[in-house]
Amino acid sequence: MINITFPDGSVKQFEAGVSAYDIAMSISPRLAGDILAATVVPASDATGKGTIYDITRPINEDASIKLHKWEDPEAKKVFWHSSSHLMAEALEALYPGIKFGIGPAIENGFYYDVDFGGHTLVEAELKAIEDKMIELARSKEQFVRTEVSKADALKNFTEKGDQYKCELISDLEDGTITFYQNGNFTDLCRGPHLKDTSVVKAVKLLSIAGAYWRGDEKRNMLTRIYGITFPKKSLLDEYLVLLEEAKKRDHRKIGKEMELFTFSQKVGQGLPLWLPKGADLRFRLELFLRKIQQQYGYLPVVTPHIGNKDLYVTSGHWEHYGQDSFRPITTPQEGEEYLLKPMNCPHHCEIYRSKPRSYKDLPVRLAEFGTVYRYEQSGELHGLTRVRSFTQDDAHLFVRPDQIKEEFEKVIDIILYVFKTLDFKNYKAQVSLRDPNNKTKYIGSDENWAKAEAAIQEAAQEKGLPTVVETGEAAFYGPKLDFMVKDALGREWQLGTIQVDYNLPERFGLEFVGSDGMKHRPVMIHRAPFGSLERFVAVLLEHTAGKLPLWLTPDQVNIVPVSEKFADYAKKVCDLLNNSEIRASVDDRNETIGKRIREGELKRIPYQLIVGEQEEKDGTVSVRKQGGVNVGTMSLEDFTKAITDEVKAQLA
RNA sequence: GCCAGUGUAGCUCAGGGGUAGAGCGCUUCCUUGGUAAGGAAGAGGUCGUGAGUUCAAUUCUCACCACCGGCUCCA
């Protein structure tokens, strides 16, 4: 007999070899029917973390257990992973001879990478695959786990001619290899899996994409099929509605609706054109940050949009990115070449170098809203989040080595203030370190890398900022701390960034005179709280669904006169508001009042003022807040004060 | 750059080998309306670009361009 401990601390005895399913059954058959996976922590597991088990897998020793129903992320993962096997089985039945790469569960659903040989899978075929999956699911196929030797595993997939699985197996250690079989389909898989396929009730295959084998663009491109499944049809319907809702928050759609920005094929791919309202919004964001930076002792600078190629040879960027960027600009002067600036740092280094610096002058903080140009691959361009011309809210801090941590922490403060003011709550702070196994990708000495990586992690820790560490994600010149935020569809984008750089000061020969009268090398910190105005605006639009905070939004107040008789009063109200720096306009078009209010709502204007006979007589306005809330009638002075106070509070 | 999809009016989209449609928007007129769509008339498109097949191409074929979903990349 073995002891099984439950999450509430109670202990029950079972025969050795009992499964999670048996255990659930001993509590209630209903529970047994609901559970999809179990976290089992065997007594011998020193980590205490345990393993997710198939609910049919025997438990052979004392263990604690947690049973997972659909609501648990662990269960969803198992459900979707099994669904990818189910899809693979359907695919193999419909397209005999195809080969399989990998097929994991993802955040929302699963995919499988498949080599269809000569066949090109098109979207029209997905329906038939979905139907086959449902058919197979209904036949209640068990997922059968078997442990196999490496030799047998290789033999199996060699006979099948699946070079991808063979490659995966050859990387595995003998004795750890398991197969899972559902129906006629056997896959190399660590598991865990569902008990059987019958719980999969609803299937939607979402899209087809090409994906390089093992993420390597030099290798075969496999066909990746994305899908999602649910244990109930209604859950699928809800999910699809949710997806539609998310698409309505797409910044590209909102940007068009609110007339913030546009693109032109004639101007060029990835080159955003900011429309008047968008430019207005952008300037307001800039002003907001300028004020903070002034408080933190930043000095504004302005530098040209091009720079001599030698500048980038010196910085090392030419060597790293020269081949993949906009080509150099030539001049009538033989041999003279300029580059569109891909970043501002080299220019700022030259500003630092323009005069001798004393240790007393440091830190020197040079800030610029600098527009840069990068030739991003055409397939990578995406709305405002990935463009070829964008403006960084850039600054470079030239600091003494003993000032790094303090300066780094101040930058964290600025970024957190910006995020707080704009109500970004779900961000991730990511520390990006270099890949120690691929040092040739990076420039700079081991010693400086170690110092910089330590400085970042210490600063984050002292600020109490929870971080995730990603190895191999560092910039080529230094490690960084990035703030990542998700868009409407769950894609993650980097916004704010702070980067320590020991390299450029070296390359540019930057110096300061120390208290000892000797020359020393400053350390450089790159930082951009927004990242770029383009990306920041994009993510902000998706987070707010276009309902921007009052202080930021281009149109704050829409004044709707009840009829044209009151247009003059409306204009007077508008002028008075404008004089108080409130962005108001009058909609006195020949349309019904209901229609004009509706359009004000659709334009996401925070306040609408309805004015008619009564208001004109009393010098008041009838206030309607976005979303249909009738705030009531108030004097114009009171309204002006309320708006001004609300803006102040938002910026506090 | 790679794989798949899309490209028709300012916007959202329907259509389809015989030179085009809807709704919204826009213009004009009627209506002067009190908190999410009043009515009428009108203007507006070489159907992404180029080539090919055909008596005839916006429709079929090919190439290119752009956009969209992914992959790779992201200073």
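Below, read A as the first sequence line, B as the second, and so on, with proteins coming before strands; counting in each chain starts at 1.
Looking at heavy-atom distances under 4.0 Å, Glu615(A) makes contact with a base. Using a 4.0 Å heavy-atom distance criterion, Gly379(A) is classed as a base contact. In this structure, Arg589(A) reaches the sugar-phosphate backbone alone: every heavy-atom distance under 4.0 Å involves primed, P, OP1 or OP2 atoms, never a base. Among the heavy atoms of the strands lying under 4.0 Å from Ile208(A) is at least one base atom, whether or not backbone atoms are also near. Among the protein residues, Tyr477(A) comes within range of the sugar-phosphate backbone only, with heavy atoms under 4.0 Å from sugar or phosphate atoms but none that close to a base. Within the nucleic acid shown, His526(A) has no heavy atom closer than 4.0 Å to any nucleic acid atom. Nucleic acid contact class of Gly612(A) (heavy atoms, under 4.0 Å, all strands): base. Among the heavy atoms of the strands lying under 4.0 Å from Gln269(A) are primed sugar atoms or P, OP1, OP2 only; no base atom is included. If you check every strand for non-hydrogen atoms under 4.0 Å, Gln614(A) touches a base. Residue-level contact check: Gln608(A) touches neither bases nor backbone, having no heavy atom under 4.0 Å from any strand. Looking at heavy-atom distances under 4.0 Å, Asn590(A) makes contact with a base.
The NZ-P distance, from Lys248(A) to U12(B), rounds to 15 Å in whole Å.
Applying the 3.5 Å distance criterion, the base of A36(B) shares a donor-acceptor pair with the side chain of Arg624(A). A donor N or O paired with an acceptor N or O is not found under 3.5 Å between the base of A66(B) and the side-chain atoms of Gln265(A). Scanning atom types as modelled, one donor and one acceptor separated by under 3.5 angstrom connect the side chain of Arg598(A) and the base of A37(B). With hydrogens and angles ignored, a donor-acceptor pair under 3.5 angstrom links the side chain of Tyr212(A) to the base of G1(B). Residue-to-nucleotide contacts include a donor-acceptor pair under 3.5 Å from the side chain of Arg386(A) to the base of C74(B).
Aromatic ring orientation, Tyr321(A) versus Phe476(A): tilted (interplanar angle from 30° to 60°).
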### Task
Please lay out, stage by stage, how Arg214(A) and Glu167(A) fare under the test side chain to side chain contact (heavy atoms under 4.5 Å, CB included).
CA-CA 10 Å; Arg214(A) 299 202 132 181; Glu167(A) 187 179 326; 3.3 Å; yes

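Here Asp555(A) does not pair with Arg583(A) in a salt bridge; the nearest charged N to carboxylate O distance is not below 4.0 Å. Between Glu244(A) and Lys247(A) there is a salt bridge, since a side-chain N of the basic residue sits under 4.0 Å from a carboxylate O of the acidic one. Ionic pairing of Glu601(A) and Arg624(A) is present here: one or more N-O contacts between side-chain nitrogen and carboxylate oxygen are shorter than 4.0 angstrom. Checked for salt-bridge contact, Glu257(A) and Arg604(A) meet the test: a charged N lies under 4.0 Å from a carboxylate O. Of the charged side-chain nitrogens involved, at least one lies within less than 4.0 Å of a carboxylate oxygen, so that Glu407(A) and Arg365(A) count as a salt-bridged pair.
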### Task
State the dot-bracket string of RNA chain B. Criteria: Watson-Crick or G-U wobble, both atom distances under 3.5 angstrom; notation: ( ) intrastrand, [ ] crossing earlier pairs, | interstrand, . unpaired.
(((.(((..((((....[..)))).(((((.......))))).....(((((..]....)))))))).)))....

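Phosphate contact (OP1/OP2 of G1(B), side-chain N/O of Ser378(A), threshold under 4.0 Å): present.
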